[in-house]
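Please read the structure below before turning to the comments.
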Amino acid sequence: MRVALYARVSTIDQNCDLQLRELREYCAARKWEVAGEYVDTGWSGVKATRPELSRLMEDARKRRFDAVLVWKLDRWGRSVADSIRGIQELVSLEVRFIAVTQNIDTDQSNPMARFLLHIMAAFAELERELIRERTIAGVRTARSKGKVLGRPRRVFRRDEVIRLREEGLSWRSISRRLGIPVTTCIDSYGVRKSS
């Protein structure tokens with residue numbers, strides 16, 4: 001079996017030597033071929049996009065290996081939702097995911113692995129819902145305190161946009177002169193002309 005090893009540490013003063021040594025030993029004991037090593041140094045597990053993780057997923061889509069090995073699940077990612085999404089994509093590509101120190105293996109012939117995936121997916125959904133609820137509560141609280149949400153409104157004279165445009169000035173020139181975005185000029189011109 002061809003396997004990819006993934007290791008990650010959060011800061012640049014740490015290294016992945018311990019993780020990689022144990023992963024290599026795990027493969028050697030099973031006579032698995034290491035098809036590649038993907039190491040993200042100085043990348044938080046909260047970030048869904050990391051250079052080596054992105055390269056690993058691209059290689060998985062090209063079927064360059066049969067399994068991905070990580071030392072522990074938290075090396076794959078700290079966000080439950082992102083971790084599950086990545087693992088589910090691997091499973092859909094028929095690439096096994098193995099966390100060697102935690103006996104997590106998504107081998108489809110293993111009913112316990114399928115059960116574990118369902119549990120993990122349920123946790124990911126729960127995490128998404130909790131985040132959504134906290135966001136909605138935060139917005140309500142901010143509004144109740146009088147906070148105006150969204151982009152700040154620009155105060156300008158629409159009739160000035162129309163006058164300058166009819167004088168033949170470009171949208172960019174009008175934008176610079178009035179200190180407003182080009183799209184605001186165009187939008188206000190269209191609104192005024194149609195009414």
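Because the structure is predicted, anything quoted here is derived from the model rather than measured.
- Counting non-hydrogen atoms of other residues, nucleotides and ligands closer than 6.0 Å to CD1 of Ile12 gives a total of 12 or fewer.
- Ion pair Glu160/Arg177 not flagged as a salt bridge, since none of the NZ, NE, NH1 or NH2 atoms sits closer than 4.0 Å to an Asp/Glu carboxylate oxygen.
- The CG atom of Asp74 sits 7.0 Å away from the CD atom of Gln102 when rounded to the nearest 0.5 Å.
- Of the possible polar contacts, none joining the Thr11 side chain to the Gly42 backbone as a donor-acceptor pair under 3.5 Å is found.
- Nearest heavy-atom pair, Ser92 versus Glu89, reported as atom, atom and distance to 0.1 Å: OG-O, 2.7 Å.
- Remark: side-chain polar atoms of Asp40 are paired, donor with acceptor, to backbone N or O of Leu53 under 3.5 angstrom.
- Counting heavy atoms from C-beta outward, Ile104 and Val70 have side chains that stay 4.5 Å or more apart.
- Val100 and Phe97 fall into different hydrophobic clusters, where Ile, Leu, Val, Met, Phe, Trp and Tyr are joined by side-chain heavy atoms under 4.5 Å apart, directly or via other members.
- Both Leu18 and Leu69 are part of a single hydrophobic cluster, where members link through side-chain heavy atoms under 4.5 Å apart.
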Candidate pair Val3 and Ile98, rule side-chain contact (heavy atoms from CB on, under 4.5 Å), full reasoning: CA-CA 10 Å; Val3 298; Ile98 303 169; over 6 Å; no

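- Side-chain contact between Met57 and Leu90 is present, with heavy atoms from C-beta onward closer than 4.5 Å.
- Side-chain atoms of Gln19 do not come within 3.5 Å of backbone N or O of Cys16 as any donor-acceptor pair.
- Open room surrounds NZ on Lys31; 12 or fewer heavy atoms of other groups in view lie less than 6.0 Å from it.
- When the side chains of ILVMFWY residues are joined at heavy-atom separations under 4.5 Å, either directly or via intervening members, Phe65 and Tyr26 end up in two distinct hydrophobic clusters.
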side-chain contact (heavy atoms from CB on, under 4.5 Å) evaluation trace for Glu94 with Asp66: CA-CA 7 Å; Glu94 297 180 5; Asp66 306 303; over 6 Å; no

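- Around atom CZ of Arg140, no more than 12 heavy atoms belonging to other residues, nucleotides or ligands sit under 6.0 Å away.
- Geometrically, Arg165 engages Trp171 in a cation-pi contact defined by less than 6.0 Å to the ring centre and at most 45° from the axis.
- The minimum heavy-atom distance between Asp107 and Arg96, with the atom names listed, is CB-NE, 3.6 Å.
- At a threshold of 4.5 Å between non-hydrogen side-chain atoms, the residues Leu178 and Leu164 count as touching.
- Checked options Trp76, Trp71, Tyr38; the residue passing with Tyr6 is Trp76 (criterion: ring-ring contact (aromatic ring centres under 6.0 Å, His included)).
- Applying the salt bridge (Lys or Arg N to Asp or Glu O under 4.0 Å) test between Glu37 and each of Arg8, Arg21, Arg24 identifies Arg24 as the sole match.
- Under a hydrophobic-cluster definition in which Ile, Leu, Val, Met, Phe, Trp and Tyr are linked whenever side-chain heavy atoms come within less than 4.5 Å, directly or via other members, Ile162 and Ile180 are assigned to the same cluster.
- Electrostatic pairing of Glu167 and Arg163 counts as a salt bridge here, judged by a charged N lying under 4.0 Å from a carboxylate O.
- In this structure, Arg172 CZ and Cys185 SG are separated by 11.0 Å, a value rounded to the nearest 0.5 Å.
- Here the CD1 atom belonging to Ile131 is positioned 12.5 Å from the CD1 atom belonging to Ile136, to the nearest 0.5 angstrom.
- To the nearest 0.5 Å, atom CG of residue Leu73 and atom CD1 of residue Ile84 are 7.0 Å apart.
- Linking Ile, Leu, Val, Met, Phe, Trp and Tyr whenever their side-chain heavy atoms come within less than 4.5 Å leaves Val68 and Val34 in two separate clusters.
- The nearest pair of heavy atoms linking Val39 to Glu52 is O-CG, 3.0 Å.
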Check against salt bridge (Lys or Arg N to Asp or Glu O under 4.0 Å), Glu58 and Arg61: CA-CA 5 Å; Glu58 188 59 38; Arg61 291 179 197 109; 3.3 Å; yes

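- Thr106 approaches Val95 most closely through the heavy-atom pair OG1-O, 4.3 Å.
- Contact record, Gly77 with Arg50: CA-NH2, 3.8 Å, taken as the closest heavy-atom pair.
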